[in-house]
Amino acid sequence: MRHSATCFITALCMGMVFLPLSAMPSHAAGVAGGSTGAAHAADMAMRMQPAEQQAVLQARPAPTPGTGRAGLLAWPGVPRLGLPVLRMPDFAVAPDDGNARPLLPWLALAATWDPDLARRAGNALARAEWQQARAVLRVGGVDLLPSGRLQAGEDQVLAGSMAGMIGAGLLAGHVLPVFGSVVREEHARADGAVPDRTTPVPAARLASQGLLGVAMALETARGGAILCGGLAPCQTVTGLGGMVHDVWRFPGMIMALPGGAGAIRDKDIAPTLAAVAAGMDMEQVAPGEDGHDVLGAALRQAVREGSVKPAQVQAMVMHILASFYMSGSLDHPPAFASAHEGAQSASADTLVADVEAQGAVLLQNENKVVPFDPAWGPVLMLVRPALRPAAEKLADALRHAGLNVTLSVTTAGAGAPGTLPPATAQAARTLVLSDSNDDNQMISTLAEMGGHVAVVLVADDPDRQMPWLDTVDSVVQAWAWRNEYAQPLAALLSGQQDFSGHLPVTLTGGFYPPGMADADYRAFARAHVVPLFPFGYGLSTHGHVTLGDLRVVRDGNHVSANFSITNPDDTPVRAVPQLYVEMPDDLPGAARRLAGWRSVMVAPGHTVRLSVPFSLRLVGQWNPAGGNWNVAAGDYTLSLGLSSVMMVRHATLHLPALHVPGVLDSTPTPAVTAE
């Protein structure tokens, strides 16, 4: 298979550089679980009257200032105590206010494996939310239920870290990040198989799955809140509140999106009691939900009847206030006067373009067709009519890069012999933009005609079929098309910039091992099936790196993997060495999983020494009774490589039986040194 070529790793630097927001006051986010914000929240909650406590448990519909238009929700605050009203979007619906608030190209961002770029995205989002007088924003990509196919990829370590860095950027701008995924954010499988998301599952069972990503997001951001009720009702995860507040010792809130905690019917307060018991602290109420919301009149009735104790309500208020104090939004609320119709984002940088430049993944490059060399003659670009606007922008950008490009648009049903444009018969090099399996026949027919063919995939589809893979030269995963992608993609295809993206999801080609519901890389490993393109995979056109000996050092419940990376070529290379850990064969969950990674630029002829830290909770089994991770004694394998299946260095770590606390943790990132 052509796609089995050696992988030349490239990607961006992972240094934890915290960039200030020029448009807003600076803010140092408190460490998740810190005592200062929690103590302040407890004091303020005790000063509230019972009616005020119950009121702040909901964010209700409010018109947009200056427009009279609904669509946003408002947390009421307590004016008597100086707590301001804070606005937020309705997390159950996509934003439709027409403003230039940047929407994250999630898989493209995850494919950069670049925490600095994720934080920069958070900075831009914070500026845009601040401009629209909004103080709360959902950061998707992590889930409360087991899943292998979410927006930020299929690995909780990668997704949680990237989402957490977005959250850090938001917190720096006094905007509260709410971590969680909602309806329609899960990538559906091509064969229609959908994992069960409705059967109640104990939080303890999710400790090493969805909740691991949420915990890592909170740790990385050093604050925030948790969203539930998207893929399944909040009560589906039983014991969530106990896990978050008692075990993690996280003082912040658990928020339900509209309808996420159920609905009141016929004055039955059972949903309210279930929501409180599950640990839900705040409820978003959408327009038209009055009378069906669970933390309004039904909660007041439950308090009067004694079914819910005043102390429980006060604890819920404390959690809400703690999250807001983490962001500083109660002391620095955005001004309502700043919001106006058609406001533009304060971010004038090249964020979305940089996401594409660093996230586009080179999957295959036979005959080194990419980058296109002007000396090889003209390039024919072939697209279906629907992609013509995108192709025109890319063609113009390629021409500016010095290439002779001709654009040809196919007719409906192109693909059968004789239906392709006549120009394809004489083309020595053809570039195809493709967004669906509908193009497969066209690509196959084109490849059979001879000449060099490069295919650029412009859709977020982990199950994209590639029956033509062995007959084309080059394949690029460029993710869902945006106009800002034209210039950076042209720079990559013309060689002005090197490819540096790595897959945050397994590309399956539509093939799954029997009985597998979630198509993540660990499921493929357990089934002993090699996927089409593995998680973490990505090629470079400019050079390659070599990885030195792997040495492992344990310090208590943390491990550091130390190694060197060398660039023997004469051009700089961005490298993303990935560290995976595997439990002994006789233990459950022995499949290899990502433990951490580093991303660094390596100068020509230079060697860089790196250290990747990770917590031993990644190899532990959750112990609900003790609220900790039980790590069994034995020999654990650490592997360093270029993707989840391409390991080049290994080390064995012998561990005694250990108990790793479940409390949230923050581990500093070691420095990078160069020889």
Side-chain angles (χ1 to χ4, degrees), residues 54 57-59 90-92 138 140 142-147 150 178-186 194-215 218 225-248 250 252-286 289 291-303 305-309 311-313 315-320 323 622 624 627:
Q54 293 175 13
L57 301 182
Q58 292 184 311
D90 178 340
F91 292 154
R138 179 182 61 81
V142 287
D143 187 22
L144 296 180
L145 290 173
S147 178
L150 290 174
V178 184
F179 297 108
S181 291
V182 298
V183 179
R184 295 184 299 276
E185 286 198 354
E186 188 170 17
V194 179
D196 180 26
R197 306 294 188 223
T198 59
T199 300
V201 55
R205 192 183 302 172
L206 303 181
S208 61
Q209 300 178 58
L211 283 177
L212 175 62
V214 175
L218 291 171
I226 300 171
L227 184 69
C228 64
L231 297 176
C234 294
Q235 296 90 323
T236 301
V237 183
T238 60
L240 177 61
M243 175 71 78
V244 171
H245 298 131
D246 300 335
V247 177
W248 292 357
F250 176 67
M253 69 168 147
I254 300 172
M255 176 192 294
L257 55 80
I264 299 298
R265 294 288 184 267
D266 300 324
K267 298 184 179 180
D268 178 13
I269 65 171
T272 298
L273 301 180
V276 173
M280 196 180 78
D281 300 306
M282 182 193 288
E283 174 189 27
Q284 284 196 331
V285 180
E289 279 196 337
H292 299 292
D293 48 297
V294 303
L295 295 186
L299 176 65
R300 293 189 288 273
Q301 177 185 340
V303 172
E305 295 175 353
S307 302
V308 174
K309 305 300 182 184
Q312 291 176 283
V313 175
M316 295 161 69
V317 174
M318 289 168 51
H319 299 151
I320 294 169
S323 282
W622 181 250

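For the numbers below, each heavy atom of this structure counts, side chains included, while hydrogens, waters and symmetry mates do not.
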### Query
Distance-only, no hydrogens or angles: does the Asp266 side chain make a donor-acceptor pair with backbone N or O of Asp268 under 3.5 Å?
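Not a single qualifying donor-acceptor pair exists.
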
### Query
Is a side-chain N or O of Gln54 found less than 3.5 angstrom from the main chain of Arg300, in a donor-acceptor match?
no

Please name the pair of heavy atoms, one in [X] and one in [Y], separated by the smallest distance, quoted to 0.1 Å.
{"X": "Val276", "Y": "Leu295", "answer": "CG2-CD2, 4.3 Å"}
{"X": "Trp622", "Y": "Ala204", "answer": "CD1-CB, 3.5 Å"}
{"X": "Ser307", "Y": "Leu273", "answer": "CB-CD2, 3.6 Å"}
{"X": "Pro202", "Y": "Thr238", "answer": "CA-OG1, 3.2 Å"}
{"X": "Gly260", "Y": "Gln235", "answer": "O-OE1, 4.0 Å"}
{"X": "Met243", "Y": "Ala207", "answer": "CE-CB, 4.3 Å"}

Between atom [atom1] of [X] and atom [atom2] of [Y], what is the distance when rounded to the nearest 0.5 Å?
{"X": "Thr272", "Y": "Glu283", "atom1": "OG1", "atom2": "CD", "value": "8.0 Å"}
{"X": "Ile254", "Y": "Cys234", "atom1": "CD1", "atom2": "SG", "value": "8.0 Å"}
{"X": "Gln284", "Y": "Asp293", "atom1": "CD", "atom2": "CG", "value": "12.5 Å"}
{"X": "Met255", "Y": "Ile320", "atom1": "CE", "atom2": "CD1", "value": "8.0 Å"}
{"X": "Ile264", "Y": "His292", "atom1": "CD1", "atom2": "NE2", "value": "10.0 Å"}
{"X": "Leu145", "Y": "Leu211", "atom1": "CG", "atom2": "CG", "value": "9.0 Å"}

### Partner residues of His245 under the ring pair (Phe, Tyr, Trp, His ring centres under 6.0 Å) criterion, sequence neighbours left out
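His245 satisfies ring pair (Phe, Tyr, Trp, His ring centres under 6.0 Å) with His319 once adjacent residues are dropped.
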
#### Entry: Derivation and outcome, side chain to side chain contact (heavy atoms under 4.5 Å, CB included), residues Val294 and Met280
CA-CA 10 Å; Val294 303; Met280 196 180 78; 3.8 Å; yes

Side-chain heavy atoms of [X] within contact of [Y], under 4.5 Å:
{"X": "Leu231", "Y": "Thr236", "answer": "no"}
{"X": "Leu299", "Y": "Gln58", "answer": "no"}
{"X": "Val214", "Y": "Phe250", "answer": "no"}

